Amino acid sequence: MERFLEESGECLQKEKRESPSPVLPPLEGAVEGGVVLRFAPGPSGPLHLGHSRAAILNDEYAKLYQGRFILRLEDTNPRRIDPDAYDMILEDLLWLGVEVHKMYIQSERMEIYYQVARELIGRGAAYVCTCPAEEWRKLKLKGTPCPHRERPVEVQMEEWEKMLEGVYCENEATLVVKTDLTHPNPAVRDFPALRIVDVPHPRVGDRYRVYPLYNFSVAVDDHLMGCTHILRGKDHLNNTLRQEYVYKHMGWPLPIFIHYGLVSIPDVQLKTSTIREEIEKGNYSGWDDVRLGTLRALKRRGFRPEAIRQFWVEVGVKPVDITVSFQNLYSINRTLIDDVANRYFFVERPKEAFLYHDRPLRSTAPLHPQHLERGRREYYLKPSPLPGGEGSVIYLSGRTVDTLIPPTIFRLKDLTNAELVGEERGIIYLKALPGDAQGMRGKIYEWCPPNSLPMTIYMPDGEVKRGLVEPLIEKEMGEVVQFERFGFARIERSEGGLIGYFTHP
RNA sequence: GCUCCCGUAGUGUAGCGGCCAAUCAUGCGGGCCUUUCGAGCCUGCGACCCGGGUUCAAAUCCCGGCGGGAGCACCA
């Protein structure tokens with residue numbers, strides 16, 4: 001609690017924001033120092049924005065009550081595991097600022113699941129079913145028990161051992177948890193707990209053939225790991241109902257289940273399997289391709305993890321379904337980076353321009369208008385008067401040039417007022433005018449000096465913008481800058497030259 | 001088909017029977033400031049899904065309708 005308030009206080013100072021940082025509502029039944037929460041992703045790929053909600057919320061409550069946060073990697077389906085995901089998830093959480101107190105990997109806990117399975121069988125709460133899956137499903141829908149359901153415990157136990165020993169092949173046998181076949185909600189009736197998978201596991205190889213299914217392993221682990229609160233999305237509502245049967249069969253006390261609403265995130269690709277395919281096909285550069293909604297993509301674009309955290313805290317834990325507004329996320333991130341991002345000009349679709357001026361011109365734009373102490377971007381243009389001179393070369397964006405119609409007078413920001421005097425074969429000619437920017441509102445254009453560098457900016461919608469940037473950008477590798485009148489971007493260097501990843505407007 | 005969840009401005013959020021002709025943020029419009037279309041300041045726009053009930057009083061409780069979403073996997 002104290003730490004949380006401290007952080008909020010710091011933020012307030014740093015951001016100069018008057019509205020207080022949002023705070024999560026109290027957690028039902030939470031005791032200071034006594035809550036255990038967990039985040040349990042499947043290691044099929046790195047985390048994306050959707051995952052981050054569960055991670056952040058659980059972490060926030062763990063911190064709020066000085067409790068514990070457990071990370072549990074749910075790798076019980078050998079077919080859907082990306083061996084790299086274990087590390088990627090950990091990296092993503094580290095970046096998010098999530099404090100992991102303890103990490104478990106389910107594939108290392110197989111014996112525990114087997115033990116609970118036996119216990120369940122012993123209590124008459126589970127049965128080995130050898131029906132074809134479809135048939136079993138049909139019977140369930142009708143509320144009819146399958147032929148194997150009511151056999152005596154000893155037979156079930158024998159069958160179970162046969163499953164383990166390899167008598168059955170994949171799809172031939174499964175251990176099913178009994179619930180209530182007549183339950184009005186078909187989603188709650190008997191559900192499979194463990195099944196046979198004849199594929200080597202990336203971590204434990206072929207040591208096991210029988211793997212637990214989600215609802216079983218989750219219930220077992222949540223209990224054994226001492227979770228006090230299960231905070232997860234509403235899509236698990238029916239899973240909770242099923243998992244409660246395991247608790248009841250085993251005589252375990254129920255944790256407090258909290259379900260927040262479903263999140264829909266528009267306009268970005270989040271589906272791990274699709275992303276993987278597209279990466280393999282070469283359509284995405286990697287998991288951090290800035291068109292993606294992965295956390296590493298957001299990181300690459302220059303998002304602050306605190307922005308994502310604040311965003312989810314603001315959204316809260318209501319059971320209402322929400323649609324993520326990137327506008328809102330952008331706004332939060334903007335308040336975080338506006339202060340640190342230095343300002344530069346990016347000239348898109350550059351057009352050469354010759355500027356005639358009698359006197360030397362000096363441009364001394366601040367790196368940041370609110371932080372003059374950071375220094376200035378200084379450029380000097382030697383005099384090059386109209387009669388006789390060749391003109392100083394500068395660059396204007398094509399966007400700007402398209403709107404210029406002689407005799408237009410406008411302002412080259414931080415340099416001089418200018419007048420368009422002519423255009424020939426795509427090259428434009430300008431004459432410097434005395435005066436300052438007064439009255440130039442709406443006609444202020446960015447420009448670039450002659451020694452500017454080419455840069456490619458990748459937009460999140462896939463658009464690629466090419467242009468020039470001021471040479472001083474060299475000092476900003478890895479940093480987020482603001483290209484005035486264009487937006488924020490994070491700067492990198494690649495073999496091909498300078499690259500900007502657009503953050504947001 | 002069955003079951004469950006949800007329904008406050010474009011988006012997110014506060015409110016949980018009277019102080020609500022409804023909070024804050026974001027967005028959009030206008031103004032100020034500024035040599036940025038950023039930041040800051042001022043200001044305007046914009047919502048309780050509908051219909052019944054309960055009550056002196058309902059965004060808040062109950063019922064029905066409508067709308068949205070999820071689940072019914074030998075995925076997690």
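Scope of the values below: all heavy atoms of this structure, side chains included, with no hydrogens, waters or symmetry mates. Protein chains get the first letters and strands the later ones, always in sequence-line order, with residue 1 at the start of each. Quick caveat: nothing in here was measured; it's all calculated off a predicted structure.
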- prompt: Is any side-chain nitrogen or oxygen of R334(A) closer than 4.0 Å to OP1 or OP2 of rG27(B)?
  reply: yes

- line: The nucleotide from rA70(B), rG7(B), rA73(B) with an atom nearest the side chain of K140(A) is rA73(B)

- prompt: Could one point to a donor on the side chain of Q482(A) or the base of rU36(B) with an acceptor on the other under 3.5 Å away?
  reply: yes

query: With D190(A), which of H183(A), K140(A), R149(A) fulfils side chain to side chain donor-acceptor pair (under 3.5 Å)?
result: R149(A)

- request: Determine the interatomic distance between C1' on rC48(B) and the same-named atom on rU8(B); round to the nearest Å.
  value: 4 Å

field: Pairing nucleotide - rG71(B), Watson-Crick or G-U, each distance under 3.5 Å
entry: rC2(B)

statement: The correct set of residues in residues 170-186 of chain A placing a heavy atom under 4.0 Å from RNA chain B is N171(A), P184(A), N185(A), P186(A)

statement: Contacts of E134(A) and D338(A) projected onto RNA chain B by closest heavy atom; the upstream (5') one is D338(A)

C1' gap between rU26(B) and rG17(B), integer Å: 31 Å

field: Base-pairing assignment for rG27(B) (Watson-Crick or G-U wobble, both under 3.5 Å)
entry: rC45(B)

- prompt: Looking only at atom P, what distance separates rU43(B) and rC63(B), rounded to whole Å?
  reply: 44 Å

Collect all protein-nucleotide pairs involving nucleotides 64-69 of chain B in which both atoms are nitrogen or oxygen and the distance is under 3.5 Å.
unit_1, atom_1, unit_2, atom_2, d
rG69(B), O2', D321(A), OD2, 3.3

Cation-pi, F345(A) ring and R377(A) (6.0 angstrom, 45 degrees): yes

statement: Closest to the side chain of T323(A), out of rA70(B), rU8(B), rG12(B), is rG12(B)

- prompt: When you check the phosphate oxygens OP1 and OP2 of rC74(B), does a side-chain N or O of R137(A) lie under 4.0 Å from one of them?
  reply: yes

message: Quick check on K431(A): does its NZ atom have over 12 non-hydrogen neighbours (other residues, nucleotides or ligands) under 6.0 Å away?
response: no

- prompt: Cut-off 3.5 Å, side chains only: do D206(A) and H201(A) have a donor facing an acceptor?
  reply: no

task: Could you give the distance separating rU54(B) and rC62(B) at their P atoms, to the nearest angstrom?
output: 15 Å

message: Strictly below 4.0 Å: does R195(A) bring a side-chain N or O up to OP1 or OP2 of rA76(B)?
response: yes

pair I196(A)-N171(A): side-chain heavy atoms closer than 4.5 Å: no

- prompt: Base, sugar-phosphate, or nothing for P505(A), non-hydrogen atoms under 4.0 angstrom?
  reply: nothing

Pair assignment for rC37(B), Watson-Crick or G-U wobble, requiring both distances under 3.5 Å: none

message: Which residue is it: R203(A), R207(A), R72(A)? I am looking for the one with a salt bridge (charged side-chain N to carboxylate O under 4.0 Å, His left out) to E108(A).
response: R203(A)

query: Do V480(A) and I491(A) touch side chain to side chain, with heavy atoms closer than 4.5 Å?
result: no

field: Under 3.5 Å on both distances, the Watson-Crick or G-U partner of rA21(B)
entry: none

message: Heavy atoms from C-beta onward define the side chain here; which of rC72(B), rC6(B), rA73(B) lies closest to that of A187(A)?
response: rC72(B)

Ring-ring centroid check F502(A) F486(A), cutoff 6.0 Å: yes

query: Does the pair V98(A) and F69(A) meet the rule for a side chain to side chain contact (heavy atoms under 4.5 Å, CB included), with working shown?
result: CA-CA 9 Å; V98(A) 168; F69(A) 177 101; 3.5 Å; yes

task: Please determine, for the side chain of S325(A), which listed nucleotide (rG38(B), rU35(B), rU11(B)) has the closest atom?
output: rU11(B)

- prompt: Is there a side-chain polar atom (N or O) of K318(A) under 4.0 Å from OP1 or OP2 of rA14(B)?
  reply: yes

field: For rG51(B), the Watson-Crick or wobble partner whose two distances fall under 3.5 Å
entry: rC63(B)

- request: State which of rA39(B), rC37(B), rC74(B) makes the closest approach to the side chain of Q370(A).
  value: rA39(B)

- prompt: If each of P43(A) and R189(A) is mapped to the nucleotide of RNA chain B with the nearest heavy atom, which maps nearer the 5' terminus, i.e. the 5' end?
  reply: R189(A)

- prompt: To the side chain of H236(A), which of rA76(B), rA73(B), rC6(B) is closest?
  reply: rA76(B)

- request: Measure the shortest side-chain to side-chain distance between W447(A) and Y379(A) over non-hydrogen atoms and say whether it is less than 4.5 angstrom.
  value: yes

